[in-house]
2 protein chains.
Amino acid sequence: MPDDKAEKRKLIGSRLAIARKRAGLSQSQVAMELKLPRPSVSEIESGRRRVAADELAMFADLYSVDMDWLAGRGEENVDVIRDRLQLAARKVAGLKNEDLEKVIDLLTSLGSKEDK
Amino acid sequence: MPDDKAEKRKLIGSRLAIARKRAGLSQSQVAMELKLPRPSVSEIESGRRRVAADELAMFADLYSVDMDWLAGRGEENVDVIRDRLQLAARKVAGLKNEDLEKVIDLLTSLGSKEDK
DNA sequence: GACAGAGTGTAAGATAATCTTACAACACGT
DNA sequence: ACGTGTTGTAAGATTATCTTACACTCTGTC
């Protein structure tokens, strides 16, 4: 099992960061909304700090995602691909997060031709 | 709402206890399996101690249940954005791998043009 | 009834985590 | 350059968990 605890935390943290950016929120806004210290949000997203389960539930509510996705459970292939897309899109200079989301949504819609 | 957090913990704890009993496991067995102190399992199930998100993921694996169910996020919560995300993710899964590589390469090359 | 064993709840001191409060680096717009 | 917003990070104070016990409640057995 390649599942180290630190790796698990980093995965959850990166998922939280992705979901937060997709929601168009800053760490400060999230910290105020969830009544968490802002440094904790930063360190949680980088995997240097644990997230409590009830905190993860609040994150999931705020970002409108489910906890199992945030924790990397289920739909693994799809999620890995989405993460790669996010990383690749992030390398595009000059694009803002809102635009990145539009690009990703456009690209994902391309796959619907072969899909019913 | 003064003890909203405590109520959440108790809900998660009771769900964990229910799932454990359904799986036919004792607290000691779970503690050994997940490499947690046995008193922690007891106090987690009673809501007196927090569960970390990565721990909840291990519980969910061991009990074969969803994290969202353990956290009390029922399947009745059908969110519009969540559906949109899952639909988009499904469409990405329909893409062939070589096409995905081309998309990623295109994105990365766009970024390197005006690279900083 | 008495006993043994498993399962669980709980307490106290040691240990490890997070929180508070700062400051610094970076990007972006004026 | 300047001010603003965002994010990363550090040090001491604070709070949580872990370790190691002990006690209680069930069952089943003698």
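Computed from heavy atoms alone, side chains included, the values below leave out hydrogens, waters and symmetry copies. Nothing here was measured: the structure is a model prediction, and the numbers come from that model. Every chain is numbered from 1, with letters handed out A, B, ... down the list of sequences.
Here the P atom of nucleotide dC18(D) and the NZ atom of K35(B) are 15 Å apart, to the nearest Å. Summarising the geometry, the separation between CD on Q27(A) and P on dA27(C) is reported as 16 Å, rounded to the nearest angstrom. Look at CD on E45(B): it is 7 Å from P on dG9(C), rounded to the nearest Å. Rounded to a whole Å, the CG atom of L16(A) is 13 Å from the P atom of dT7(D). Following rounding to the nearest Å, Q29(A) (CD) and dT4(D) (P) show an atom-to-atom distance of 18 Å. The distance from atom CG of L25(A) to atom P of dT7(D) is 10 Å, rounded to the nearest whole Å. Atom CE in M32(B) sits roughly 15 Å away from atom C1' in dT8(C) (whole-Å rounding). Rounding to whole angstrom units, CG of residue L36(B) and P of dA17(C) are separated by 14 Å.
Residue R50(B) has its side chain nearest to dT17(D) when only dT18(C), dT17(D), dG8(D) are considered. Checked against dT6(D), dC18(D), dG8(D), the side chain of S42(A) finds its nearest nucleotide in dG8(D). For S40(A), counting side-chain heavy atoms from C-beta on, the closest listed nucleotide (dT7(D), dC19(C), dT8(C)) is dC19(C). Out of dT7(D), dT18(C), dT9(D), the shortest distance to the side chain of P39(A) is found at dT9(D). With distances taken from any side-chain atom of R48(B) to the nucleotides dT10(C), dG8(D), dT20(C), the minimum falls on dT10(C). Between dT7(D), dT9(D), dT10(C), one nucleotide has an atom nearer to the side chain of E43(A) than all others, and that is dT9(D).
Phosphate contact (OP1/OP2 of dG9(C), side-chain N/O of R49(B), threshold under 4.0 Å): absent.
Side chain of D68(B) to main chain of D68(A): a donor-acceptor pair is present (N/O by atom type, distance under 3.5 Å, no hydrogens or angles).
The one candidate from R15(A), Q29(A), Q27(A) that meets the side-chain contact (heavy atoms from CB on, under 4.5 Å) condition with R20(A) is Q27(A). Of the residues listed (V65(B), V51(B), L11(B)), the one engaging L70(B) in a side-chain contact (heavy atoms from CB on, under 4.5 Å) is V65(B), and it is the only one.
The base of dG8(D) sits within donor-acceptor range of the side chain of R38(A), with an N or O pair under 3.5 Å.
A heavy-atom distance below 4.5 Å is not found between the side chains of E55(A) and L34(A). The closest side-chain heavy-atom distance from I12(B) to I44(B) is not below 4.5 Å.
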